[in-house]
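Only one structure is covered here, and it is reproduced in the block below.
Since we're looking at a predicted model, the values are computed, not measured. Per chain, numbering begins at 1; letters A, B, ... match sequence-line order. These numbers come from the heavy atoms of this one structure, side chains and all, not from hydrogens, waters or symmetry mates.
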There are 2 protein chains.
Amino acid sequence: MPLPPLAAIRAFEAAARHANFTKAATELGMTQAAVSYQIKLLEDVLGTPVFLRQNRRVTLTRAGRRLAGPTTEAFDLLRDAYTAPDDDMTLTISTLVTLASNWLAPRVGRFQMAHPQIAVRMSTEAHSVDFKSEEFDVAIRYGDGQWPGLRAHEVMPVAFTPMISPTLLEQYGPLHDPAELMRLPFIDPEDRNIAFWLDEAGISDRPAKANAPIMIGAQTGEAAAAIAGHGVAFLNPAFFRIELETGRLIQPFDQVSTDGKSYWLVYPESRRHNLKIVAFRKWVLAEAVADQ
Amino acid sequence: MPLPPLAAIRAFEAAARHANFTKAATELGMTQAAVSYQIKLLEDVLGTPVFLRQNRRVTLTRAGRRLAGPTTEAFDLLRDAYTAPDDDMTLTISTLVTLASNWLAPRVGRFQMAHPQIAVRMSTEAHSVDFKSEEFDVAIRYGDGQWPGLRAHEVMPVAFTPMISPTLLEQYGPLHDPAELMRLPFIDPEDRNIAFWLDEAGISDRPAKANAPIMIGAQTGEAAAAIAGHGVAFLNPAFFRIELETGRLIQPFDQVSTDGKSYWLVYPESRRHNLKIVAFRKWVLAEAVADQ
DNA sequence: GGCATTGATAAACCTAGCTTATGAATGGAT
DNA sequence: ATCCATTCATAAGCTAGGTTTATCAATGCC
């Protein structure tokens with residue numbers, strides 16, 4: 001046995017509460033005629049009147065009284081549930097491991113300081129998160145910023161420049177010309193970014209590197225290897241500011257190259273007004289700007 | 001802050017319960033596309049997804065889980081309230097005093113025997129009850145059966161025939177011809193029904209009765225006066241079967257006249273399928289037939 | 001006695017919400 | 001491995017449900 005039309009039930013609920021069709025209509029943002037119609041419809045469906053029409057006033061019948069209680073209770077539940085502010089103040093971020101460990105993680109504490117009510121849950125994902133099937137508020141992606149259905153904000157370009165340890169620099173003598181770099185071992189010779197940098201530096205003579213890659217993919221690992229003096233790592237200077245400032249890593253050349261791609265903050269277009277997301281977006285972009 | 005569209009909430013409730021849009025659609029008697037549309041609409045309104053779309057299955061998001069509980073609870077309340085059998089098993093009858101006291105009251109016990117779950121509340125009203133402003137299930141009315149919006153079943157014609165006590169008959173000698181009736185005192189000479197009977201009997205010579213009416217209107221009172229031997233009362237033989245059978249009243253002539261009107265069982269057209277009303281209608285009409 | 005207010009009703013209109021049709025993805029059976 | 005069944009998404013198009021507008025009847029109130 002199906003429920004009567006919900007519009008009729010809603011009209012009844014308001015009318016019962018006010019004992020007045022006109023006031024109910026005002027509350028519901030419709031006309032008195034519409035309420036009258038809906039109540040009549042409900043009575044037709046139920047097969048029994050729910051209101052007695054007395055002079056300029058309406059009174060619940062017994063059947064009406066029986067229904068009014070549970071109905072109002074039900075709508076109270078719905079109103080409570082659907083009008084409650086979004087109290088889920090957990091911001092879930094899907095990040096790329098490199099950006100997360102070298103840039104975001106050290107800074108995210110400041111975001112929490114600024115927004116103490118927002119808890120942050122960071123998750124580093126190997127694959128590109130699909131907002132439709134996984135529950136993330138925002139993600140950091142690598143690419144060109146074109147993802148249909150998603151809004152993307154550029155956080156920073158994917159940049160890199162050779163870095164070595166002071167020990168290694170001492171060992172191979174001062175580097176004045178980028179070409180001299182080729183004498184040094186590369187930590188991950190197969191790193192595709194290297195070509196971008198060498199191209200931009202105008203180095204065409206590229207003898208194959210003998211050494212097997214020490215670390216693949218994880219920039220943090222490459223950095224550690226570089227610090228240990230194992231060779232040249234092509235790293236994002238924005239990620240290793242501290243190491244550069246403390247001298248644990250040395251950036252021999254000013255030239256910083258990119259592969260044309262960037263890191264992007266992305267989230268579903270439809271959630272662009274979500275408070276948590278707005279707050280995080282503003283914070284991230286400000287951090288990125290301040291970083292340059 | 002208004003609720004999201006109720007259709008969307010309902011679709012969500014079913015979908016959340018089944019964790020499956022197709023099953024929800026089946027339950028709601030609509031297509032899967034409609035459920036999909038409503039869920040999407042809800043998510044648009046809320047500004048947050050309520051389901052994660054995973055391969056061939058859907059899962060509630062945190063927001064969805066937060067809403068699903070209260071929503072199902074609310075709909076359970078509504079379903080309980082609106083699909084509960086009409087447990088108001090009190091049949092409220094508005095009757096005319098004459099029919100009530102002389103015919104209905106003595107018989108209504110049998111109705112209750114036949115329908116033990118139905119309580120009967122009879123009320124004798126001076127005015128014709130308005131179903132729109134007063135809470136009655138059925139009424140007995142006097143008239144021609146034409147009341148807009150009401151369904152009317154003829155219970156019995158308004159019939160009358162002269163009745164006297166045995167004492168009075170003895171006193172005035174045997175009555176062979178209706179014209180002889182005019183010698184007797186009439187208990188209520190102003191009773192408008194008398195003319196109908198006399199017309200039908202072909203009596204045109206009608207000397208004015210000297211006696212003031214003893215009782216007006218209440219047939220029971222007239223009957224009591226007649227039994228006491230105070231004169232002729234024009235009464236409905238159906239109402240005084242016992243008195244006639246026991247000889248306390250005598251019906252001198254077979255002729256029974258009517259004023260062209262009847263007693264009718266009436267109730268709102270819209271409630272013609274109500275269980276209580278159907279039961280009572282069947283019973284009353286069967287009683288009336290058995291009575292003839 | 002006139003006015004303000006309430007609910008009922010008829011007519012006309014419009015869009016919310018449905019169906020139909022189709023596609024994409026994939027889990028499971030053979 | 002392949003095919004099929006099943007799931008949800010989406011676009012297009014239609015229809016009736018629900019709304020507004022306009023008006024009436026009734027009556028409580030000043």
Side-chain angles (χ1 to χ4, degrees), chain A residues 2-45 49-61 64 127-128 130-134 148-149 268-270, chain B residues 2-45 49-61 64 127 130-134 148-150 268-270:
Chain A
L3 282 178
L6 292 174
I9 296 183
R10 175 176 45 190
F12 168 65
E13 194 272 336
R17 217 159 3 88
H18 292 287
N20 180 313
F21 290 6
T22 306
K23 290 205 181 70
T26 305
E27 175 185 310
L28 297 174
M30 54 199 208
T31 59
Q32 168 268 322
V35 172
S36 181
Y37 168 87
Q38 293 291 352
I39 301 287
K40 192 185 186 53
L41 179 68
L42 179 66
E43 292 177 328
D44 281 356
V45 172
V50 291
F51 280 108
L52 296 176
R53 276 70 166 182
Q54 288 153 339
N55 313 325
R56 296 187 49 180
R57 62 182 219 156
V58 288
T59 316
L60 287 167
T61 60
H127 64 283
S128 203
D130 174 11
F131 288 103
K132 290 188 177 177
S133 63
E134 290 173 81
E269 181 77 28
S270 59
Chain B
L3 282 178
L6 292 174
I9 297 182
R10 174 177 45 190
F12 168 66
E13 193 271 337
R17 218 161 0 89
H18 293 289
N20 181 315
F21 290 6
T22 306
K23 290 204 182 72
T26 305
E27 175 184 309
L28 297 174
M30 55 198 206
T31 60
Q32 168 269 323
V35 171
S36 181
Y37 167 87
Q38 292 291 351
I39 301 286
K40 191 184 187 52
L41 179 67
L42 179 67
E43 292 177 329
D44 282 354
V45 171
V50 291
F51 280 107
L52 295 177
R53 276 69 165 182
Q54 288 152 337
N55 312 326
R56 296 187 51 180
R57 61 182 222 156
V58 288
T59 317
L60 285 169
T61 61
H127 64 284
D130 173 11
F131 287 103
K132 290 189 177 176
S133 64
E134 289 173 83
L150 301 183
E269 181 78 25
S270 58

**Message:** For a quick test of reading the model, state the closest non-hydrogen atom pair linking B/Leu150 to B/Pro268 and the distance between them.
**Reply:** CD2-CA, 3.7 Å
**Asked** Is the backbone N or O of B/Gly149 less than 3.5 Å from a side-chain atom of B/Glu269, with the two atoms forming a donor-acceptor pair by type?
**Response** no
**Message:** Do A/Gln38 and A/Leu41 have side chains that approach each other closer than 4.5 Å (heavy atoms only, starting at C-beta)?
**Reply:** yes
**Item:** Any B/Arg53 side-chain N or O less than 4.0 Å from OP1/OP2 of D/dA9
**Value:** yes
**Message:** Rounding to an integer number of Å, can you tell me how far B/Leu28 CG sits from C/dT19 P?
**Reply:** 10 Å
**Prompt:** How is A/Val35 classified with respect to the nucleic acid when contacts are heavy atoms under 4.0 Å: base, sugar-phosphate, or nothing?
**Reply:** nothing
**Asked** So, is A/Thr31 near the phosphate of D/dT20, with a side-chain N or O under 4.0 Å from OP1 or OP2?
**Response** yes
**Request:** Indicate the atoms forming the closest heavy-atom contact of A/Glu43 with A/Phe51, along with that distance.
**Result:** OE2-N, 3.2 Å
**Asked** Looking at five pairs on each end of the helix from C/dG1-D/dC30 to C/dT30-D/dA1, what is the angle between the two axes, given to 10 degrees?
**Response** 40°
**Message:** Testing the basics here: between B/Ile9 and B/Leu42, what is the closest heavy-atom pair and its distance to 0.1 Å?
**Reply:** CG1-CD1, 4.5 Å
Can you pull every protein N or O that's under 3.5 Å from an N or O on nucleotides 10-17 of chain D?
from   : atom 1 : to      : atom 2 : distance (Å)
D/dT10 : OP2    : B/Lys40 : NZ     : 3.3

**Request:** Using whole Å, report how far CE of A/Met30 lies from P of C/dG7.
**Result:** 13 Å
**Prompt:** Listed in order of residue number, which residues of residues 3-24 of chain A have a non-hydrogen atom at under 4.0 Å from DNA chain C?
**Reply:** A/Asn20, A/Phe21, A/Thr22
**Message:** In whole Å, I'd like the distance from the CD atom of A/Gln54 to the C1' atom of C/dT5.
**Reply:** 16 Å
**For the student: nearest non-hydrogen atoms of B/Thr61 and B/Pro49, plus distance** = OG1-O, 2.9 Å
**Request:** Verify the contact: side-chain N or O of A/Arg57 to OP1 or OP2 of C/dG7, cut-off strictly under 4.0 Å; return yes or no.
**Result:** no
**Prompt:** Can you tell me how far the CD atom of B/Glu134 sits from the CZ atom of A/Arg53, to the nearest 0.5 Å?
**Reply:** 14.5 Å
**Message:** Can you give me the closest heavy-atom contact between B/Leu28 and B/Ala11, atom names plus distance?
**Reply:** CD1-CA, 3.8 Å
**Request:** Please report the shortest heavy-atom distance between B/Leu60 and B/Ala16, naming the atom on each side.
**Result:** CD2-CB, 4.1 Å
**Message:** From CG of B/Leu52 over to P of D/dT7, roughly how many Å is that when rounded to an integer?
**Reply:** 19 Å
**Request:** Could you check B/Val58, B/Asp44, B/Val50 and say which one makes a side-chain contact (heavy atoms from CB on, under 4.5 Å) with B/Ile39?
**Result:** B/Val50
**SB check A/Lys23 A/Glu27 (cutoff 4.0 Å)** = no
**Item:** Nearest-angstrom distance from the residue atom CG of A/Asp130 to P of D/dC8
**Value:** 16 Å
